[in-house]
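Whatever order the structure lists them in is the order used to number ligands and atoms, beginning at 1. None of the values given here were measured: they were computed from a predicted structure. The basis for the numbers below is simple: all heavy atoms, side chains too, and nothing from hydrogens, waters or symmetry mates. Index from 1, following the sequence.
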Amino acid sequence: MRDDPRLPTSSHFWRSPLRGTWFTAVLGLVLLGGISVLFVTGLVSYAAYNPDLSPVNDTTPDKGVLGFYLFDWPAGPSWLYRLSQGVHVTLGVVLVPVLLAKLWSVVPKLFTLPPARSVAHALERVSLLLLVGGALFQFVTGLLNIQLEYVFPGSFYPLHFYGAWVFIAAFVVHAALRAPTAVRAVRARRRDEAELEAPRPAPPTVSRRGALWLVGGGSLLLFVTTVGQSLGGPLRRTALLAPHGGADPGGGPNGFQINKTARYAGITAADTHPDAWRLVLTGPAGTVRLSRAELLRMPQHSSSLPIACVEGWSTADQWWRGVRLRDLAALAGYEGGPPDVLVESLQRHGAFRRAALRANQVSDPRSLLALYVNGEELSPDHGYPARIIVPAAPGVHNTKWVGRLTFGDL
Ligand SMILES: Nc1nc2c(c(=O)[nH]1)N[C@H]1C(S)=C(S)[C@@H](COP(=O)(O)O)O[C@H]1N2
Ligand SMILES: [Mo]
């Protein structure tokens with residue numbers, strides 16, 4: 001039965017002349033490099049959320065030892081998160097054809113019988129299930145998150161984070177076992193093909209090289225239709241595959257990407273009316289309440305900073321103007337070094353209505369409670385009357401429609 005060519009368990013069932021060690025090895029080595037970068041930029045992105053600072057930044061329960069590497073996210077260079085997350089998302093999208101081609105190239109092995117020849121072979125096959133399952137899981141959750149805008153409210157983080165660790169464990173084992181063979185196969189070109197080659201191949205319609213060019217072409221197409229979302233400015237229009245048909249930012253000073261509109265967040269004109277809105281500061285000096293007019297009488301500062309979302313899109317630098325966070329910390333009673341701060345929005349519901357910032361982010365002179373952008377008042381959708389803007393921070397920490405800042409012990 002094993003050799004019945006009508007069944008995928010027979011090697012005669014698989015007839016593509018493209019399959020072979022060299023073809024798989026080239027794709028495998030591309031993935032080895034690419035997935036290593038995805039893993040590192042993914043861990044970096046998680047650290048950028050400052051998850052060990054405050055539970056409001058972290059919806060991943062019991063990350064425990066997996067958080068061993070967390071470090072204090074720096075406040076510069078200002079494009080840091082823009083770059084690392086742009087690379088993470090763009091590379092993830094670009095690797096999709098490579099991953100699919102690689103899986104296709106080894107699919108006959110999924111069906112080989114007997115399922116296990118030895119204990120070592122059995123272990124290897126189990127690790128391959130984790131590897132393939134893990135890869136598909138990570139790519140699918142990542143793509144869904146960027147395409148559908150937070151489809152897993154609150155749960156994407158734990159899924160993608162735990163998934164990454166399961167996947168990378170299987171990936172390291174696989175790479176350690178296979179990379180030497182792959183390097184040899186690529187160096188020696190066509191020798192040593194027996195393992196993956198079809199015993200009775202169908203006539204070729206494209207060469208192996210040609211097939212690799214097709215995969216590369218697919219990746220290139222994805223690249224040019226995605227990368228514009230991370231470059232911002234006029235190039236954003238080239239990002240045909242990037243999502244966010246949602247809110248049209250329009251033109252003018254406030255005409256840059258909108259994540260969630262004021263309407264979506266349930267912010268009304270009454271909430272932000274000058275008579276009603278007050279910024280509430282809390283610290284050792286007690287509670288201080290400031291109107292927007294009073295904020296405008298404080299020293300005003302400018303910084304040119306981007307917004308860079310976890311979804312990979314980012315804006316070019318915008319010119320923000322407002323009050324330094326460290327000046328507000330001083331008003332709240334922290335004259336010396338500013339402490340951490342909990343920022344709360346007027347928004348009543350939703351995971352992104354609160355964020356905690358680290359002392360180094362509060363003390364950076366570029367960190368503002370912005371009142372103006374590009375020379376104009378913030379628009380309602382960009383956070384009027386006031387929003388946070390901090391260099392190098394993920395977009396989710398740039399809280400809009402700020403109502404309250406609580407300085408100190410988080
Ligand atoms: N209150 C509040 N602030 C928020 C959000 C939110 O949903 N509510 N979204 C955040 C996210 S995820 C991003 S990427 C940025 C986007 O800012 P923009 O809409 O001005 O481009 O705002 C952040 N600030
Ligand atoms: Mo975001």
| query | What distance separates Q229 CD from R237 CZ, expressed to the nearest 0.5 Å? | reply | 15.5 Å
| How long is the span from the CZ atom in R125 to the CG atom in L129, to the nearest 0.5 Å? | 8.0 Å
| query | Do R404 side-chain atoms and E344 backbone N/O form a donor-acceptor pair below 3.5 Å? | reply | no
| query | Is a side-chain donor or acceptor of T90 paired with a backbone partner of V87 at a separation under 3.5 angstrom? | reply | no
| message | Using 30° and 60° as the class boundaries, would you call the ring planes of Y334 and F407 parallel, tilted or perpendicular? | response | tilted
| task | Return the orientation label for the F167 and F171 ring planes: parallel under 30°, perpendicular over 60°, tilted otherwise. | result | tilted
| Quick one: does Y264 get within less than 4.0 Å of ligand 1, heavy atoms only? | no
Distance-only N or O hit between ligand 1 and [X], under 3.5 Å:
X: K400; answer: yes
X: D381; answer: no
X: K260; answer: no
X: N398; answer: yes

Numbering as shown, the atoms of ligand 1 that approach [X] to under 4.0 Å (heavy-atom distance):
X: S345; value: 1 (N)
X: Q257; value: 18 (P), 19 (O), 21 (O)
X: I258; value: 19 (O)
X: F352; value: 1 (N), 2 (C), 3 (N), 5 (C), 6 (C), 7 (O), 8 (N)

| Can you find a side-chain donor-acceptor pair between Q361 and D340 that sits under 3.5 Å? | no
| field | Per atom 17 (O) of ligand 1, closest listed option by heavy atom (Q318, R387, H397, E311) | value | R387
